[in-house]
Student: 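Below are the structure tokens for one structure; questions will follow.
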There are 2 protein chains.
Amino acid sequence: MATTTAEIKRTPATEQVLGAALNLFTEQGFFNTSIPDIVKASSVSTGSIYHYFRDKEGIARSLYETLVERMESSFSEIEATHATAHDRCRAAIALLFELTEQEPAVMRFMLFSRHKEFIPDQKPVCSSRPFVQMREMVVAGMESGEVREMTPIVAASAVFGGALRLIQLRLDGILDAPLPDYLDEIWQCAWRSVAV
Amino acid sequence: MATTTAEIKRTPATEQVLGAALNLFTEQGFFNTSIPDIVKASSVSTGSIYHYFRDKEGIARSLYETLVERMESSFSEIEATHATAHDRCRAAIALLFELTEQEPAVMRFMLFSRHKEFIPDQKPVCSSRPFVQMREMVVAGMESGEVREMTPIVAASAVFGGALRLIQLRLDGILDAPLPDYLDEIWQCAWRSVAV
DNA sequence: GTCTATATCCAGATAGAC
DNA sequence: GTCTATCTGGATATAGAC
């Protein structure tokens with residue numbers, strides 16, 4: 001069912017490795033993180049790491065696929081529990097804000113890593129399911145008459161661009177307050193920009 | 001006068017190196033680019049490269065400083081030639097769109113490289129002068145009454161977030177048409193989101 | 001200032017015992 | 001399946017002639 005290419009058996013050891021790698025990759029970058037670094041941080045030996053993952057790239061790939069799937073199902077959940085484009089888009093932003101506060105490393109890895117550089121055959125994040133889902137929410141709103149007629153991708157960028165920008169600023173330490181504090185304000189801007 | 005830390009003498013050879021490095025860094029990433037790669041692409045020898053730049057990081061640093069300065073003066077120019085926040089912000093977006101089409105590598109390097117990973121002591125781009133200038137344009141608009149009263153950084157994110165998102169999509173190959181084609185639409189969204 | 005040749009280091013990856 | 005010890009390549013950086 002899963003369309004992943006690098007399915008990895010999940011054991012306590014692999015979870016240790018993936019957790020350590022996520023932190024190191026997002027703190028220092030993929031290329032500044034060596035296998036010995038991961039060995040130390042995960043308390044799993046070189047041999048075991050290579051037993052579970054084909055190579056260093058395999059760790060990143062596994063991480064990426066796991067997190068994309070997770071986000072994908074979060075968005076599906078939102079689509080299932082909210083009826084209007086307005087409510088869905090707002091819920092999506094709220095979710096991203098929460099996730100950024102609770103698991104900044106996840107957000108950093110998903111949104112602000114240059115995956116292309118270390119997982120060469122991966123499509124850009126922007127074309128991954130979660131991002132497509134976000135655009136679909138906006139398009140649905142255009143069809144239902146909630147959102148002005150305009151180029152769909154422009155509308156989606158207008159709705160989510162400001163929030164994504166705030167997430168980046170927050171992760172870069174420019175924003176002091178937690179993101180949810182800004183939710184009402186940024187949502188008002190986002191919706192005004194595209195509402196009929 | 002310049003506040004740079006790694007001033008490099010500009011000669012034809014250094015320009016060759018910087019040009020080649022810009023292309024390689026943005027196509028493959030900093031860490032996937034070796035000095036031998038730069039030697040081949042620039043037709044400048046290893047010895048000369050190390051003569052002009054302290055090390056590989058020095059090339060990236062020099063590139064970064066040059067491009068930040070360039071963008072800084074472009075924005076100053078805009079501030080000088082446009083009076084209102086409305087006109088300034090729109091001109092800034094138009095400029096970024098043009099630049100993305102004409103020199104995608106420059107834009108990629110400025111906006112979507114993880115500088116922190118290869119220039120450790122650099123502040124995040126978001127705190128660099130050009131980004132500060134963009135925020136100042138919005139704040140000025142709030143003071144003049146063009147822009148609604150709200151948290152300044154939220155307003156700035158709302159104004160520029162959509163456009164920056166489109167730039168990213170364009171650089172990632174998701175958008176087929178050149179960015180200027182979308183300028184009117186995205187600007188209408190951006191301005192509606194914050195106008196009084 | 002520019003080049004070639006070369007030293008050094010350390011990363012990624014493997015072998016093979018347990 | 002898990003580990004330690006080890007190999008190997010290639011990258012950064014230097015030496016030193018021209």
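These figures come from a predicted structure and were not determined experimentally. So you know, we letter chains A, B, ... as the sequences are listed, proteins then strands, and number each from 1. Computation of the quantities below employed the complete heavy-atom set of this structure, encompassing side-chain atoms and omitting hydrogens, waters and symmetry-equivalent molecules.
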Student: Is it the case that K56(B) places NZ or CZ above or below the six-membered ring of F30(B), under 6.0 angstrom from the centre and within 45 degrees of the axis?
Tutor: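 The answer is yes; both the distance and angle limits are met.
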Student: Taking side-chain hydrogen bond (donor to acceptor under 3.5 Å, both in side chains) as the cut-off, I'd like each qualifying pair that reaches into residues 122-133 of chain A, sequence neighbours left out, listed once.
Tutor: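 For residues 122-133 of chain A, and leaving out neighbouring residues, the side-chain hydrogen bond (donor to acceptor under 3.5 Å, both in side chains) pairs sorted by first residue read S76(A)-Q133(A).
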Student: Please find the earliest and latest nucleotides of DNA chain C, in the 5' to 3' direction, that have an atom within less than 4.0 Å of any heavy atom of chain A.
Tutor: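 The contacted stretch runs from dA11(C) to dT14(C).
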Student: Could you run down the sub-3.5 Å N/O contacts of the protein with nucleotides 13-15 of chain D?
Tutor:
unit_1: dA13(D); atom_1: OP2; unit_2: Y50(B); atom_2: OH; d: 3.4
unit_1: dA13(D); atom_1: OP2; unit_2: K56(B); atom_2: N; d: 3.3

Student: Please list, one pair per line, the donor and acceptor atoms closer than 3.5 Å that link side chains of residues 172-183 of chain A to other protein atoms, with sequence neighbours excluded.
Tutor:
none

Student: With sequence neighbours left out, what residues match E57(A) under salt bridge (charged side-chain N to carboxylate O under 4.0 Å, His left out)?
Tutor: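 Applying salt bridge (charged side-chain N to carboxylate O under 4.0 Å, His left out) to E57(A) gives R61(A).
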Student: Residues two or more places apart in sequence or in another chain: which of them pass salt bridge (charged side-chain N to carboxylate O under 4.0 Å, His left out) with E98(B)?
Tutor: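 Per chain and number, E98(B) pairs via salt bridge (charged side-chain N to carboxylate O under 4.0 Å, His left out) with no residue.
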Student: Quick one: list whatever passes side-chain contact (heavy atoms from CB on, under 4.5 Å) with A163(A), sequence neighbours left out.
Tutor: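 A163(A) satisfies side-chain contact (heavy atoms from CB on, under 4.5 Å) with I93(A), F97(A) only.
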Student: Enumerate donor-acceptor pairs with a distance under 3.5 Å from any side-chain N or O in residues 134-143 of chain B to protein atoms, sequence neighbours excluded.
Tutor:
unit_1: R135(B); atom_1: NH2; unit_2: C126(B); atom_2: O; d: 2.4

Student: Name all residues meeting the salt bridge (charged side-chain N to carboxylate O under 4.0 Å, His left out) criterion together with E103(B); count only those two or more places apart in sequence or in a different chain, and write none if there are none.
Tutor: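 Here the qualifying residues are R70(B).
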Student: I want to confirm an ordering. Mapping H51(B) and F31(A) to their closest nucleotides on DNA chain C, which one lands closer to the 5' end?
Tutor: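 Closer to the 5' end of DNA chain C: H51(B).
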Student: For a quick check of understanding: with a heavy-atom distance under 4.0 Å over all strands, which category does T33(A) fall into, base, sugar-phosphate or nothing?
Tutor: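 Answer is sugar-phosphate: T33(A) comes under 4.0 Å of backbone atoms only.
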Student: Please work out if S34(B) contacts a base, only the sugar-phosphate, or nothing of the nucleic acid, heavy-atom cut-off 4.0 Å.
Tutor: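 Sugar-phosphate, no base atom in range.
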